[in-house]
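Report on one structure; see the data block that follows.
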Amino acid sequence: MSVYRPLVCLLRHGTAARVCRTVTTWSPVGAAFNAKGQRRLDLLQPNAGLFGVPEFSSVEGFEVQLVERACHCPPGVQTVEIFDKLSDRHGKHADFIKVAHPDPSYREAAERTCINTGTMVERLNTNVELCKSLKDLLDNKEIVSKLDPETRRVAELFIFDFEISGIHLDKKKKRKEAVNLNVKLLDLSSQFLMSCHMPNRIEKRALPEHIHLHFTKDGKYVQIGGLNADTPDDLVREVAYKVFLCPNANVMHILEKLLSCRDKLARLLGYESYAHRALKGTMAKSPEAVFLQQITDKLSDRMQKDFEMMREMKTKLNPRNPELMPWDHPYFSGVILAERFNIEPSLYSPYFSLGACIEGLNGLFTQLYGASLLAEQPSVGEVWSEDVHKLAVVHETEGLLGYIYCDFFYRSDKPHQDCHFTIRGGRQLEDGQYQLPMVVLMLNLPHHTAPTLLSPGMMENLFHEMGHAMHSMLGRTLYQHVMGTRCATDFAEVPSILMEYFATDYRVTGQFARHYQTGQPLPQSMVARLCESKKVCGASDTQLQVFYAILDQKKYYGLPYVTNTAWQLRFSHLVGYGVKYYSYFYKDPLNRFVKDMETGERYRREMLAHGGGKEPMLMVEGMLQKRPSIEDFVNALVSDLDPDFETFIMDSEG
C-alpha cells in the first residue's frame with residue numbers, strides 16, 4: 001500500500017500515460033510560470049487599478065447610506081443582504097496592500113484605511129438600531145421559517161458579531177468601553193505584528209570574530225534577524241537563538257497590554273476567558289474541547305526517543321558539548337533525516353519546477369472538481385509587481401469561477417511568509433449575476449533561476465496555499481460574508497492540509513514531477529523516501545506545534561527553557577490566530593474520502609461550497625457520514641507518524 005494509507009487514488013486509470021511529456025510540451029499554464037522575461041504591457045491601455053477594481057470614492061459615504069437602509073428596512077431577506085453589502089465594502093484590498101505593495105505610500109495609506117475601517121466596524125457592531133433590525137428579523141418566527149438555511153445562518157453570524165462586541169451590555173457606557181477595547185486591540189495587534197520580525201543587534205566585540213560573517217553588519221554592531229536554525233555551527237545557532245529571542249521591554253509591554261485587553265474585553269462581554277470568546281462558533285467550540293493534552297500524552301514516549309536520537313547525533317558530531325538545547329532541534333532532526341533518507345533538496349528541486357507544480361495542481365483540480373487554471377495577461381495597473389501572475393479558474397460546465405493572483409517571488413519589502421488573502425468575496429448580486437471571488441497567494445520563492453525550482457517544502461507550501469485559494473473559488477455562497485475561508489479557523493485549515501497530502505502522494509506527484517531539463521519522471525522511491533522522512537523526529541516536531549499552540553515551553557516542549565529569551569515576542573500567530581493555532585491538528589479523518597471527480601464533487605458540495613454558511617461540524621459529518629470524536633482526530637494524527645515498511649523494502653530492492 002501507499003505510504004499514506006488514508007489517501008485513495010486521485011487520478012483515473014490511464015491518466016499517467018496521457019500526461020507524460022517532454023520539457024518542450026508544457027501546457028500554457030505551466031509554460032507561463034516557467035517562462036523568464038518581462039511582461040509585455042500595452043502602454044496605451046488605461047490604468048485598470050489594482051485587481052481591476054476602481055478606487056473607492058468614499059467608503060464612509062457609502063456606508064452611511066447602507067446603515068440608514070439597514071436600520072429602517074422591514075424584517076426579511078433584504079436585511080441580511082444589506083448587512084452583507086456593509087461587510088463587502090469594508091475594503092479587503094487594504095489588508096493585503098498594507099503588507100505587500102512595494103510603494104511605501106500605498107502601504108501607509110492602506111494601513112490608515114485598515115485602522116479607520118476597523119474602528120468603524122467596531123462602532124457599527126455596537127449600533128443598537130442596526131442590531132435591532134436583525135433581532136426583529138430573527139425574532140419573527142413566521143419570517144424565519146421562510147428563510148433559506150444560509151440566510152438564517154448569516155443573520156445569526158451577524159448577531160454573533162454584535163454580541164461579541166458588547167451590544168447586549170445594558171449600559172451605553174459599557175458598550176462604549178467594549179468599542180474602545182476592540183479599537184485598542186486593533187492598534188496593539190498592529191504594533192505587535194510590526195515588531196515580531198524586527199532584527200535585534202549586538203556589538204561585534206561581544207561575539208567571536210569568526211562568526212560575524214553569519215550575520216548582517218551594521219557599523220559596530222551585527223544584526224540578527226532570525227534563528228539560523230540550519231547552520232552547522234553550534235555557536236552560531238546558540239548566539240542567534242539568544243540574541244534574536246532576547247526580550248525587548250517595549251514589545252513585552254505591548255504584548256502584555258494586548259493580552260490584558262483581550263481578557264478584559266472577554267470578561268466585560270460575559271465570557272470566562274478570551275479563549276472561550278474566540279472559540280465560540282468553531283469546530284472545537286470551547287478550550288476544553290481542544291485536544292492538545294491528548295496529543296502530548298500519546299506522543300510523550302516517541303518524543304523522548306526523538307530527543308535521544310538527536311542527543312546521540314550531537315554527541316557524535318560534537319562530543320565536547322553533547323547537551324541538547326532548543327536551538328539544536330531543527331538542525332539535528334535535519335541531520336538525522338539526511339543520513340537516513342538522503343533527502344537533499346537539490347536532488348528533488350529539478351523535478352519541481354514552478355511550471356510543473358502549477359500543471360500538477362491544474363491536473364488535480366481538473367480531475368477532482370472539473371476546474372482548470374488558465375493564465376491571463378493582467379491589465380495595466382492591475383498588479384503591484386511585474387512578476388505577479390494572474391490565474392482564471394474555469395469550471396467545465398459553470399464557466400469562470402474567480403481569479404487567483406500569484407505573488408510568488410521574494411521581495412525585500414513584503415512579508416517573508418507564505419499566506420493567502422481574500423480580496424473580494426463571492427456573492428449573489430441583485431441582477432442575478434454572481435460577484436466572482438478574487439484572492440492573492442503570497443509565497444517567497446527565489447528569483448535567480450529560470451525556471452524557478454522548488455524544494456519539497458516549497459512545493460508543499462504551494463499546494464497548501466492553493467488549497468485555501470480553491471476553497472474560495474469553489475464556494476458559491478449567497479453572501480460574501482461566509483465565502484470560502486471566511487469560516488471557523490479550525491475548519492478553514494482542513495482543505496489546505498488535505499492538499500499537503502496530495503503533494504506527497506506518488507499517484508499525484510507522478511503525474512507532474514518531471515526533470516526540467518531531461519523530462520524524466522521523479523522516481524517513485526524518491527517520493528516514498530520523502531514521505532517517510534516526515535516521520536523522522538515527527539513526534540518532537542508535532543510536540544513543537546503543540547508548544548506553539550499552548551505557549552508553555554517549560555511544561556510542553558521537552559527541552560530546557562533558556563533564560564532571558566522570550567520566544568512569544570516573535571510569534572506573530574498570536575495575533576493572526578489568537579487561540580486557534582491548534583487548527584493545524586484538524587486534518588486526517590477526511591483524507592481517505594477524496595479520490596476522484598465523483599467524491600471531489602461531493603467534497604465540494606458537502607464542505608467547500610458552503611464556506612462559513614453552515615455549521616462546520618455539520619459539514620464534516622456530511623462528508624464522513626458520522627461525527628468524528630476527539631479520539632478519531634488524535635489517533636489519525638498519531639498513526640500518521642507510524643513507519644511504512646514498504647518504503648524500506650522499495651529502497652532495498654532498488
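Computation of the quantities below employed the complete heavy-atom set of this structure, encompassing side-chain atoms and omitting hydrogens, waters and symmetry-equivalent molecules.
The shortest side-chain heavy-atom distance between L361 and L462 falls under the 4.5 Å cut-off. E460 is not listed as a side-chain neighbour of Y501, based on a closest heavy-atom distance of 4.5 Å or more. Looking at heavy atoms from C-beta onward, P345 lies in side-chain contact with P456 at the 4.5 angstrom threshold. Within the 4.5 Å cutoff, side-chain heavy atoms of L317 are placed close to those of F332. Between Y405 and L441 the shortest side-chain heavy-atom distance does not fall below 4.5 Å. Put simply, the side chain of S472 reaches to within 4.5 Å of the side chain of T422, judged on heavy atoms. Taking the side chain as every heavy atom from C-beta outward, V393 and L373 approach each other to under 4.5 Å. Side-chain atoms of Y241 and I224, non-hydrogen and from C-beta on, never get closer than 4.5 Å to each other.
When atom types are taken as modelled, the side chain of S379 and the backbone of E382 share no donor-acceptor pair closer than 3.5 angstrom. With hydrogens and angles disregarded, a donor-acceptor distance shorter than 3.5 Å links the side chain of D328 to the backbone of M325. A donor-acceptor pair under 3.5 Å is formed between the side chain of T366 and the backbone N or O of A371. Under a 3.5 Å cut-off, the side chain of Q223 and the backbone N or O of K217 do not form any donor-acceptor pair. Remark: side-chain polar atoms of K414 are paired, donor with acceptor, to backbone N or O of D407 under 3.5 angstrom.
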Going through the distances and angles, do V638 and L299 end up as a side chain to side chain contact (heavy atoms under 4.5 Å, CB included)?
CA-CA 7 Å; V638 172; L299 293 179; 4.0 Å; yes

Give the intermediate values and the outcome of side chain to side chain contact (heavy atoms under 4.5 Å, CB included) for residues F96 and I423.
CA-CA 8 Å; F96 171 74; I423 302 301; 3.8 Å; yes

Can you check salt bridge (charged side-chain N to carboxylate O under 4.0 Å, His left out) on E500 and K534, steps first, answer last?
CA-CA 12 Å; E500 293 181 26; K534 297 182 179 202; 5.8 Å; no

Determine, stepwise, if the pair T542 / L637 fulfils side chain to side chain contact (heavy atoms under 4.5 Å, CB included).
CA-CA 9 Å; T542 302; L637 189 147; 3.8 Å; yes

Which is it for I404 and M466 under the side chain to side chain contact (heavy atoms under 4.5 Å, CB included) test, yes or no, and what are the steps along the way?
CA-CA 9 Å; I404 302 171; M466 193 63 81; 3.8 Å; yes

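A donor-acceptor pair shorter than 3.5 Å can be found between the side chains of K298 and N635. Side-chain contact annotation: S496 with E493, donor-acceptor N/O pair under 3.5 Å present. Residues H329 and D306 have side chains that never bring a donor and an acceptor to within less than 3.5 angstrom of each other.
Residues forming a side chain to side chain donor-acceptor pair (under 3.5 Å) with H197 (at least two apart in sequence, or on another chain): none. By the side-chain contact (heavy atoms from CB on, under 4.5 Å) test, R107 is found to be paired with H101, P104, D413, residues two or more places apart in sequence or in another chain being considered. For the salt bridge (Lys or Arg N to Asp or Glu O under 4.0 Å) test, no residue two or more places apart in sequence or in another chain qualifies with R570. Residues meeting the side-chain contact (heavy atoms from CB on, under 4.5 Å) test with E339, sequence neighbours left out: M313, K316. Partners of S353 by side chain to side chain donor-acceptor pair (under 3.5 Å), not counting sequence neighbours, listed by chain and number: N34. Residues meeting the side-chain contact (heavy atoms from CB on, under 4.5 Å) test with P523, sequence neighbours left out: Y351, S525, M526. With sequence neighbours left out, the ring pair (Phe, Tyr, Trp, His ring centres under 6.0 Å) criterion links Y331 to no other residue. A search for side chain to side chain donor-acceptor pair (under 3.5 Å) contacts involving N321 returns nothing, not counting sequence neighbours. Residues satisfying the ring pair (Phe, Tyr, Trp, His ring centres under 6.0 Å) criterion with Y403, sequence neighbours excluded, are absent altogether. Taking the side-chain contact (heavy atoms from CB on, under 4.5 Å) definition, one finds that T489 meets it with Y577, K580, S583, sequence neighbours left out. Evaluation of the salt bridge (Lys or Arg N to Asp or Glu O under 4.0 Å) rule for E308 yields R311 as partners, not counting sequence neighbours.
Note that CG of L245 is 8.5 Å distant from CG of N200, once rounded to the nearest 0.5 Å. To the nearest 0.5 angstrom, R411 atom CZ is 6.0 Å from D387 atom CG. From F502, atom CZ reaches atom CD1 of I497 across 12.5 Å, with rounding to the nearest 0.5 Å. Rounding to the nearest 0.5 Å gives a distance of 5.0 Å between OG of S372 and CG of N362. To the nearest 0.5 Å, the span separating CG on D505 from CG on L364 amounts to 10.0 Å.
Salt-bridge check for E532 with K535: passed, with a basic side-chain N closer than 4.0 Å to an acidic carboxylate O. Salt-bridge annotation for E398 and R604: present, with a side-chain N of the basic residue lying under 4.0 Å from a carboxylate O of the acidic one.
The aromatic rings of F408 and F33 sit tilted, their planes meeting at an angle between 30° and 60°. Note: H468 and H420 have tilted aromatic rings, judged against thresholds of 30 and 60 degrees for the angle between ring planes.
Aromatic ring centres of F51 and W384: separated by under 6.0 Å.
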In residues 226-234, what donor-acceptor pairs under 3.5 Å come from side-chain atoms, sequence neighbours left out?
from: T231; atom 1: OG1; to: N228; atom 2: O; distance (Å): 3.3
from: D233; atom 1: OD1; to: L235; atom 2: N; distance (Å): 2.8
from: D233; atom 1: OD1; to: V236; atom 2: N; distance (Å): 3.3
from: D234; atom 1: OD1; to: R237; atom 2: NH1; distance (Å): 3.3
from: D234; atom 1: OD1; to: R237; atom 2: NH2; distance (Å): 2.6
from: D234; atom 1: OD2; to: N318; atom 2: ND2; distance (Å): 2.6

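Taking each heavy atom of P322 and T315 in turn, the nearest pair found is CB-OG1, 3.3 Å. Contact record, M458 with P446: CE-CD, 3.9 Å, taken as the closest heavy-atom pair.
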